[in-house]
S.K.: 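I'd like to ask you about the structure that follows.
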Amino acid sequence: MPTQQEFTEAMYTIYSRAKNECGYNATRFLQMLTEGDGLETARILIHSERISDGYTALWGRGRLDLTVEALILLKPWNELFTNAELEIAKNRLRQYGYNV
């Protein structure tokens, strides 16, 4: 099973990729990662009833692959989340036309 530190590093990677590949500087996301860790940040975003501004920005750029929702569905990260959390992520991505 992956560690929380490894997952946090993966979260920093999607931040960097969003900035470098599509010009989206997710400052609030970075702040959340800095103040907590990747797992905590992912859970906050997943359980939020409101879609994050970052999610909307990445959707507008056609890059839902760089969202937390997409990341947590990948192996081995999916092992860190409950089935309910994975379903929330799948449903949110499907709602926005992402092929899960």
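Since this is a predicted model, take the numbers as computed values, not measurements.
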S.K.: Please report the C-alpha distance between Tyr55 and Val68 in whole Å, then the side-chain angles of each, then the deciding distance to 0.1 Å, and finally whether the side chain to side chain contact (heavy atoms under 4.5 Å, CB included) criterion is met.
M.R.: CA-CA 8 Å; Tyr55 187 96; Val68 170; over 6 Å; no
S.K.: State, to 0.1 Å, how close Met1 and Glu79 come at their nearest heavy-atom pair, and which atoms those are.
M.R.: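 Heavy atoms only, the tightest pair is CE-O, 3.2 Å.
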S.K.: So do the side chains of Glu21 and Arg61 get within less than 4.5 Å of each other, counting heavy atoms only?
M.R.: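 Counting from C-beta outward, Glu21 and Arg61 never come under 4.5 Å.
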S.K.: Looking only at non-hydrogen atoms, find the nearest pair between Thr41 and Met32 and report the distance.
M.R.: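 For Thr41 and Met32, the tightest heavy-atom pair comes out as OG1-O, 3.3 Å.
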S.K.: Between Leu66 and Tyr15, is there a side-chain heavy-atom distance shorter than 4.5 Å?
M.R.: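 A side-chain contact under 4.5 Å is absent here.
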S.K.: Other residues, nucleotides and ligands only: do more than 12 of their heavy atoms fall within 6.0 Å of CG on Asn83?
M.R.: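 At most 12 heavy atoms, drawn from other residues, nucleotides or ligands, come within 6.0 Å of this atom.
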S.K.: Shortest non-hydrogen contact from Gly54 to Tyr24?
M.R.: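 Scanning both residues, the minimum pair turns out to be CA-OH, 3.2 Å.
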S.K.: Using a 3.5 Å distance criterion without hydrogens, assess whether the side chain of Ser48 forms a donor-acceptor pair with backbone atoms of Ile44.
M.R.: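 Such a contact is absent between Ser48 side chain and Ile44 backbone.
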S.K.: To the nearest 0.5 Å, what is the distance between CE on Met11 and CG on Leu30?
M.R.: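 CG of Leu30 is found 11.0 Å from CE of Met11.
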S.K.: Does a side-chain heavy-atom distance below 4.5 Å link Gln31 with Thr34?
M.R.: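 No, too far: nothing below the 4.5 Å cut-off.
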S.K.: Under 3.5 Å, sequence neighbours excluded: what are the donor-acceptor pairs made by side chains of residues 69-77?
M.R.:
residue, atom, partner, partner atom, Å
Glu69, OE2, Arg92, NH1, 2.9

S.K.: Indicate yes or no: at least one non-hydrogen side-chain atom of Asn78 is less than 4.5 angstrom from one of Leu86.
M.R.: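 Yes - at least one pair of side-chain heavy atoms lies under 4.5 Å apart.
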S.K.: Quick check for you: to the nearest 0.5 Å, what is the distance between Ile14 atom CD1 and Thr67 atom OG1?
M.R.: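 With rounding to 0.5 Å, CD1 (Ile14) is 6.5 Å from OG1 (Thr67).
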S.K.: As an exercise, state the distance from CD1 of Ile88 to CD of Glu49, rounded to the nearest 0.5 Å.
M.R.: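 Ile88 atom CD1 to Glu49 atom CD measures 10.0 Å (nearest 0.5 Å).
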S.K.: With rounding to the nearest 0.5 Å, note down the distance linking CG in Leu45 to CD in Glu40.
M.R.: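 Those atoms lie 10.5 Å apart.
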S.K.: Sequence neighbours left out, what passes salt bridge (Lys or Arg N to Asp or Glu O under 4.0 Å) with Lys90? Give chain and number order.
M.R.: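 Lys90 satisfies salt bridge (Lys or Arg N to Asp or Glu O under 4.0 Å) with Glu87 only.
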S.K.: Give the minimum heavy-atom separation between Leu80 and Pro2, together with the two atoms involved.
M.R.: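 Taking every non-hydrogen atom into account, CD2-O, 3.5 Å.
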S.K.: Compare every heavy atom of Leu58 with every heavy atom of Cys22, then report the nearest pair and how far apart it is.
M.R.: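 Residues Cys22 and Leu58, closest heavy atoms: SG-CD2, 3.9 Å.
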S.K.: Could you walk me through whether Phe29 and Asp53 satisfy the side chain to side chain contact (heavy atoms under 4.5 Å, CB included) test, starting with their C-alpha distance in whole Å, then the side-chain angles of each, then the deciding distance to 0.1 Å, before giving a yes or no?
M.R.: CA-CA 10 Å; Phe29 180 75; Asp53 293 340; over 6 Å; no
S.K.: Is Ile51 close to Trp59 at the side-chain level, that is, under 4.5 Å between some pair of heavy atoms?
M.R.: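 When only atoms from C-beta onward are counted, Ile51 and Trp59 do not touch, as no gap falls below 4.5 Å.
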S.K.: Rounded at 0.5 Å granularity, tell me how far CG in Asp37 sits from CD in Gln4.
M.R.: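 Spacing of CG (Asp37) from CD (Gln4) equals 5.0 Å.
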